[in-house]
2 protein chains.
Amino acid sequence: MDIVDRKYRILQAIIDDYILTALPVGSRTISRKYEQKLSSATIRNEMSDLEELGYLDSPHTSAGRVPSNKAYRLYVDQMLRPVPLSVEETAFINRCFERRSHQVADLSTRIARSLSSMTRYTTAVMTRAPRSEQMLSHLQLVPVADRRVLLILVTTTGSVRQHVLDVPRAMAADELYAVSRILTARLEGTPLSDLPARLAQLGGEELGGLARAMAEQQPHEEHSDVSALVVGGRSNLLSFPEYSDVDKAKALLSVLETREKVVSLLSHNGEMEISVRIGPETGMEETKDCSIVTASYRLSDGRVNTIGLIGPTRMQYGKVLSVLGQVGRSLNELLDETGGKLE
Amino acid sequence: MDIVDRKYRILQAIIDDYILTALPVGSRTISRKYEQKLSSATIRNEMSDLEELGYLDSPHTSAGRVPSNKAYRLYVDQMLRPVPLSVEETAFINRCFERRSHQVADLSTRIARSLSSMTRYTTAVMTRAPRSEQMLSHLQLVPVADRRVLLILVTTTGSVRQHVLDVPRAMAADELYAVSRILTARLEGTPLSDLPARLAQLGGEELGGLARAMAEQQPHEEHSDVSALVVGGRSNLLSFPEYSDVDKAKALLSVLETREKVVSLLSHNGEMEISVRIGPETGMEETKDCSIVTASYRLSDGRVNTIGLIGPTRMQYGKVLSVLGQVGRSLNELLDETGGKLE
DNA sequence: ATTAGCACTCGATTCGAGTGAGTGCTAACA
DNA sequence: TGTTAGCACTCACTCGAATCGAGTGCTAAT
């Protein structure tokens with residue numbers, strides 16, 4: 001067990017060093033910087049074993065060794081020691097969650113910006129609102145123009161959706177209010193997803209054709225139920241030596257500009273609170289040399305907030321996980337304060 | 001005038017060729033491809049003159065010549081012949097403006113995507129709503145949660161703003177409606193910018209402290225009055241040889257990720273409908289080797305839509321201007337149909 | 001089991017020669 | 001006088017050979 005323990009330590013040292021330098025690491029480096037009791041020859045033997053076991057790759061004969069995806073997997077599953085955040089870092093995160101002091105941008109944008117500036121990786125923040133779970137609590141029609149009204153839906157969880165409708169004839173504010181009252185009474189508690197159907201049922205002309213207009217003009221809420229997606233710090237990727245090849249950089253950046261692809265990268269989260277996917281585990285050809293760390297938080301109104309960081313597989317997992325942990329804590333604090341409402 | 005005319009033609013040929021190839025162009029190239037009546041030696045003399053006049057630069061003695069910013073200026077001001085768009089291209093643009101057929105993304109996003117995919121440059125689309133010009137037409141309060149109400153402001157031009165308020169005590173829908181009526185009556189026609197002041201005046205407790213809450217909690221609408229900003233096709237930049245240097249690419253991409261900077265790049269528009277800014281005219285150190293073409297459209301509700309394309313100074317100005325022109329025409333058509341309302 | 005020692009590998013760097021596109025100048029020409 | 005042929009010269013770029021050096025694997029001694 002002792003020798004196994006040593007292999008383990010050596011592997012860890014290799015990964016640590018490679019994450020730091022992005023250079024293949026050689027036996028002498030380990031012997032000098034990490035395991036001074038052992039000669040480089042010994043390390044060499046161990047490294048040879050580790051390669052056989054599939055934890056190391058050698059780019060070519062006379063370069064050092066590079067951790068394999070299997071090694072990274074072991075690393076995040078078992079080797080990670082928590083990296084304590086500096087006081088400044090913690091403060092920085094907390095500041096980004098302060099009440100609505102600096103209203104400059106919405107919370108998602110602020111999270112994306114600060115995470116990518118702290119970690120130097122690329123950050124994506126997504127909010128999904130499972131439409132099916134939300135139910136109508138209040139409905140209100142407001143005049144906008146001659147034959148246009150604004151339809152406002154407030155759900156039981158307190159979130160608000162709005163949509164402009166074209167209506168067959170002009171209606172006064174008072175009339176619209178009366179209709180709003182009737183419809184609210186009849187439809188309260190209806191799941192949002194059933195709303196168009198229920199409205200179509202009501203159908204008739206008695207409400208000035210409004211119910212029909214509403215049924216027909218309901219926005220079929222995007223493809224998915226993603227309500228917000230912000231990506232920040234894309235240009236950070238260009239600092240990594242693995243993307244000094246412009247073509248590689250372009251391929252990845254282009255994925256990160258495609259909303260659907262980003263959503264799918266963030267979504268593959270097996271309902272874990274925090275998930276780390278390494279290389280091919282990201283599930284996309286273009287990101288087979290990347291790792292993605294995602295954290296999901298369920299808001300009290302049923303929406304799910306997912307924060308993802310993407311970078312080369314040689315990622316500072318320790319740091320990233322600590323930062324995400326702190327973000328999670330701050331976020332929960334904020335949610336407690338505000339009763340689970342975001343924005 | 002004849003000789004001047006020839007210089008002019010040669011300069012144009014040089015610019016055309018350089019825009020196409022990004023390679024310094026030599027006298028022989030011009031003589032073979034553009035002015036077969038003249039020998040390379042003659043061209044050489046002319047080029048020497050053109051350099052003296054400040055229209056050409058030579059990277060070093062034995063490379064060809066490269067157009068200067070002054071040359072590009074002349075080119076867009078006087079040399080541009082309209083590039084007719086292909087049927088496919090026109091169709092492509094029109095498709096992106098089709099009514100609300102594919103609701104997949106909002107109009108700005110669609111414009112940004114299609115423009116950057118057609119031109120291979122980076123596109124930014126911005127909508128500004130000059131707050132000062134807008135006046136209140138209708139105000140409505142809707143219950144959201146126990147002590148939270150949604151404030152909806154409809155302006156004379158038919159645009160809608162919403163904002164959630166914390167209120168001192170719970171209020172029923174009917175009561176809120178009554179208050180809405182009173183406030184609408186009193187505040188109709190008030191410019192949005194004066195609203196907080198007017199509300200503070202009303203102040204008193206008679207409305208359940210609502211007016212005060214509203215005065216205090218009015219969102220101070222961002223720094224500027226920019227209501228939407230979408231950037232698309234950033235990764236296109238990486239295809240240009242001028243950005244094969246990763247550091248240059250990073251500097252520019254990083255600008256294009258900073259909302260404020262993009263806004264300022266789009267804003268420097270001297271109220272012209274279409275403006276072309278070349279190199280340093282873009283007004284930002286990081287973009288001194290770029291050109292920016294912007295087009296602005298005033299919507300009938302007073303908002304201004306600005307579409308900008310950014311790329312190396314060696315930009316396909318002809319193509320870009322044609323495309324933007326077509327976009328303008330399609331946009332106007334759409335606006336006519338919908339009475340000037342976007343979204 | 002560990003290590004010193006050594007031969008060997010192979011990418012990266014350096015250097016110099018050669019190449020070729022391009023210029024500027026001069027002299028001849030129409 | 002404007003145009004052109006010719007030529008010397010410049011200078012980035014390419015290519016191959018030589019060199020360097022970090023690193024490996026193996027063997028034999030401790």
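Just so we're clear, the structure is a prediction, and the values are computed from it rather than from any experiment. A note on names: the letters A, B, ... follow the listed sequences, proteins ahead of strands, and every chain is numbered from 1.
The phosphate of dT24(D) (OP1 or OP2) has a side-chain N or O of S27(A) nearer than 4.0 angstrom. OP1 or OP2 of dT24(D) has at least one side-chain nitrogen or oxygen of R65(A) nearer than 4.0 Å. The phosphate of dT2(C) has OP1 or OP2 within less than 4.0 Å of a side-chain N or O from R6(A). Within the 4.0 Å cut-off from OP1 or OP2 of dC9(D), not a single side-chain nitrogen or oxygen of T61(B) is found.
At a cut-off of 3.5 Å, with distance as the only test, a side-chain donor of T287(A) or T282(A) sits close to an acceptor on the other residue. Using a 3.5 Å distance cut-off with no hydrogens or angles, the side chains of Y34(A) and T29(A) do not pair a donor with an acceptor. Side-chain polar atoms of T306(B) and S296(B) form a donor-acceptor pair below 3.5 angstrom. T258(B) and E260(B) are not linked by any side-chain donor-acceptor pair at a separation below 3.5 angstrom, with hydrogens and angles left out of the test. A donor and an acceptor atom, one from each side chain of S116(A) and T122(A), are nowhere located under 3.5 Å apart. Side-chain contact check for S39(A) and T42(A): at least one donor-acceptor pair (N or O, by modelled atom type) lies under 3.5 Å. Side-chain contact, K250(B) with S239(A): a donor N or O sits under 3.5 Å from an acceptor N or O.
For a distance-only test at 3.5 Å, the side chain of R44(A) qualifies as a donor-acceptor partner of the base of dG25(D). A donor-acceptor contact under 3.5 Å links the side chain of S62(B) to the base of dT10(D).
Nearest nucleotide to the M47(A) side chain, out of dT24(D), dC10(C), dT3(C): dT24(D). Checked against dT3(D), dG24(C), dT2(C), the side chain of T42(A) finds its nearest nucleotide in dT2(C). Among the nucleotides dT4(D), dA4(C), dT9(C), the one closest to any side-chain atom of S39(A) is dA4(C).
Between E52(A) atom CD and dG25(D) atom C1' the separation is 13 Å, expressed in whole Å. As a whole-Å value, the separation of R32(B) CZ from dT4(D) P is 16 Å. Separating the CD atom of Q36(A) from the C1' atom of dT2(C) is a distance of 17 Å, rounded to the nearest angstrom.
Proximity of residues 11-24 of chain A to DNA chain D (heavy atom under 4.0 angstrom from any strand atom) is not detected for any residue.
Y55(B) has its ring centre no less than 6.0 Å from the ring centre of Y72(B).
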Given the rule in the side-chain contact (heavy atoms from CB on, under 4.5 Å) test, do I43(A) and S31(A) qualify, once you have shown the distances and angles that lead to the verdict? CA-CA 7 Å; I43(A) 309 279; S31(A) 149; 4.1 Å; yes
Show each protein N/O and nucleotides 27-30 of chain D N/O combination with a separation under 3.5 Å, one pair to a line.
none

